[in-house]
2 protein chains.
Amino acid sequence: MHEFDLIRQIDSFAADHDDVKVGIGDDAAVTSSNAYKDMISCVDTICEGIHFKRSTLHLSDIGYKALAVNLSDIAAMGGTPRYYLVSLGIPAEWDQEEILEIYRGMNDLAKRYGVILIGGDTVSAQNGLMISVTVLGEIETNRSLLRNSARVGDIVFASGTLGASRGGLDLLLSQGLTAHRTEEEKALVIVHQRPDPQVTLGELLKESGFRIALNDISDGLSSEIWELAEASNVCICLEEEKIPISADAIKLFGKQSAYEYALNGGEDFQLVGTVAKTHWPTIQSTAKEKGIRLSAIGSVEHEGDSQVFMQKNGERTRIKRTGYRHG
Amino acid sequence: MHEFDLIRQIDSFAADHDDVKVGIGDDAAVTSSNAYKDMISCVDTICEGIHFKRSTLHLSDIGYKALAVNLSDIAAMGGTPRYYLVSLGIPAEWDQEEILEIYRGMNDLAKRYGVILIGGDTVSAQNGLMISVTVLGEIETNRSLLRNSARVGDIVFASGTLGASRGGLDLLLSQGLTAHRTEEEKALVIVHQRPDPQVTLGELLKESGFRIALNDISDGLSSEIWELAEASNVCICLEEEKIPISADAIKLFGKQSAYEYALNGGEDFQLVGTVAKTHWPTIQSTAKEKGIRLSAIGSVEHEGDSQVFMQKNGERTRIKRTGYRHG
């Protein structure tokens, strides 16, 4: 199935309406709420056996992660998450305590950002656990940070470090859920099990008032950069040495694997974006004041041709478009 | 699993907040949007093999119904549905055309009420189709029609006729999806496959400005009346002869089965509510002007003891609480 074609066709059912500012295709939808605020909404579903295994995540981690995925989508618009609704499909043999464990995990994360549970639906599913979470957020009118705002001359930046989540998954798969782990191993595992959606950074970038294109890194850096390049119809060149790769991942898996994980591993839930060169020092230092690391990793080179290149020692290679797009 | 206990425990994660006017427990959540409007949101999930079979519904009907369930929840609050988001879990072997059929069915209903698709997520599911739909609606501030507003002396009313959906399901199960059918049989089948959520009636009841308790009939009349009685802490007595049973269901299945279907069959997606006796003639005639049938089916008798009775020929029997509660 070609998800991009599918989204395009589904999008034909999404009627034009003045109140819909961003429909299907960006991280989340933006609709008019009132003169001061827009509403941001998104939904994401994770299924056992496809998106997660119970051998690598505790029940509470599964809940945590299902909410994190959506908070990350709100963060990628610069929005503030406010409410969430949950739909759980659970195997018939589950007991109440197991369901509550999932909600506890969601609550751990929700509390941190003041996001409130307002609706829940629990149904039996034939096979395997399925969690669908809808998050509703808000943002000042017409201030959402979209993927299509990248312009020639912009700096490309990424937050935090990348590759840890995939490294953590490797450890969980090889060592199991309850193994004794070194500090480095623990650090990677926690990023995989309980990734930190960059809500604070998203709000900070929005508050700057600068033109910023933004996307969250759910499918790996290369896929997300491609989305920015395509949405903005620009060519982007990254510099390999500047990619902020997780030091723990390098230590445990070697530089080449860690680089591979950063580019294609996914689930780091950091943010990647572009901003005018003149505004870059300001946003980098503002983020630093909040303890958030931002790295310049490349630049936007020209318009009219969506491409992504990686440069190393003066040589360029075209990065392949990997992974699926998500609506 | 006792869904009521579970909801109560999950509800403990739903932090108190001034902006949350109705949280988990009614048909939908009501949150403060601005000085004039509240937002109404709800989510419902249906799974193949549990909530529907592909032997009784076309793919487009499944989509239609997944949205209808949610529009009915918004209608039961007196709200106006505005937007919807969809999460589809589909078997890996499905092709794009099958997914689009589901969206087409949703679109058939969405167009009718001007509801706009703003988000979609399609993931692979291990077994069977799963559709989770979130609907966002709006209503004037503090005007939502809740389940807990029934008062002693109120008339209990129901819209349309009941029992048709379950009758239609029986026909589909015995005759198959494509059988040649009589007009009466077709009428029942269409109610099962494409129930009409009572959005217009819900808005009409809200516009009356009267104190009205309201609930939609998703699980059968008896279960929904119980929810009203418990939420309002009142005793309700229905009169068997006044239940508006589908004439087609009576003709095809006999009076006793049709009555059973009306009470416990579910999925009619009509509305049931209570209103002060003095206001009853007004709402009944206002509805009639719009071509909507409202029947007085009983009354609210006393407070402090949630019970539901059925009266026939001067004799009363206590109606059992059947079905699950939905948050």
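Throughout, protein chains are lettered first and strands after them, A, B, ... in sequence-line order, and every chain is numbered starting at 1. FYI, side chains are in, hydrogens and waters are out, and symmetry mates aren't considered; it's all heavy atoms of this structure. Only a predicted model underlies this, so the values are computations on that prediction, with no experimental measurement involved.
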Region of A:Arg104 that comes under 4.5 Å of a non-hydrogen atom in chain B: both
Is A:Val30 close to chain B through its backbone or its side chain, or both, or neither, when contacts mean heavy atoms under 4.5 Å? neither
Does a side-chain N-to-carboxylate-O contact under 4.0 Å join A:Arg147 and A:Asp27? yes
So what's closer than 4.5 Å to chain B heavy atoms on A:Lys37: side chain, backbone, both or neither? side chain
Check whether any side-chain N or O of B:Asp73 sits under 3.5 Å from a backbone N or O of B:Asn70 as a donor-acceptor pair, and report yes or no. no
My understanding is that only residues two or more places apart in sequence, or in another chain, count here; which of them pass salt bridge (Lys or Arg N to Asp or Glu O under 4.0 Å) with B:Glu267? B:Lys65
Charged N-O contact under 4.0 Å between B:Asp268 and B:Arg166: no
Top contributor to chain B interface from A:Ser41, A:Gly23, A:Gly114 [non-hydrogen pairs under 4.5 Å]: A:Ser41
For chain B, which of A:Val86, A:Thr134, A:Ile46 has the most heavy-atom pairs under 4.5 Å? A:Thr134
Less than 4.5 Å to any heavy atom of chain B: does that hold for the side chain of A:Tyr36, its backbone, both, or neither? neither
Part of A:Ile118 within contact of chain B (heavy atom distance under 4.5 Å): both
Basic-acidic side-chain contact under 4.0 Å: B:Asp108, B:Arg194: yes
Determine the option with the most heavy-atom pairs under 4.5 angstrom with chain A, choosing from B:Met39, B:Glu138, B:Met106. B:Met39
Between B:Gln198 and B:Ser72: side-chain donor-acceptor atoms closer than 3.5 Å: no
Do A:Asn264 and A:Ser222 meet the criterion of a side-chain donor-acceptor pair at a distance under 3.5 Å? yes
With a 4.5 angstrom heavy-atom cut-off, is it the side chain or the backbone of A:Leu88 that approaches chain B, or both, or neither? neither
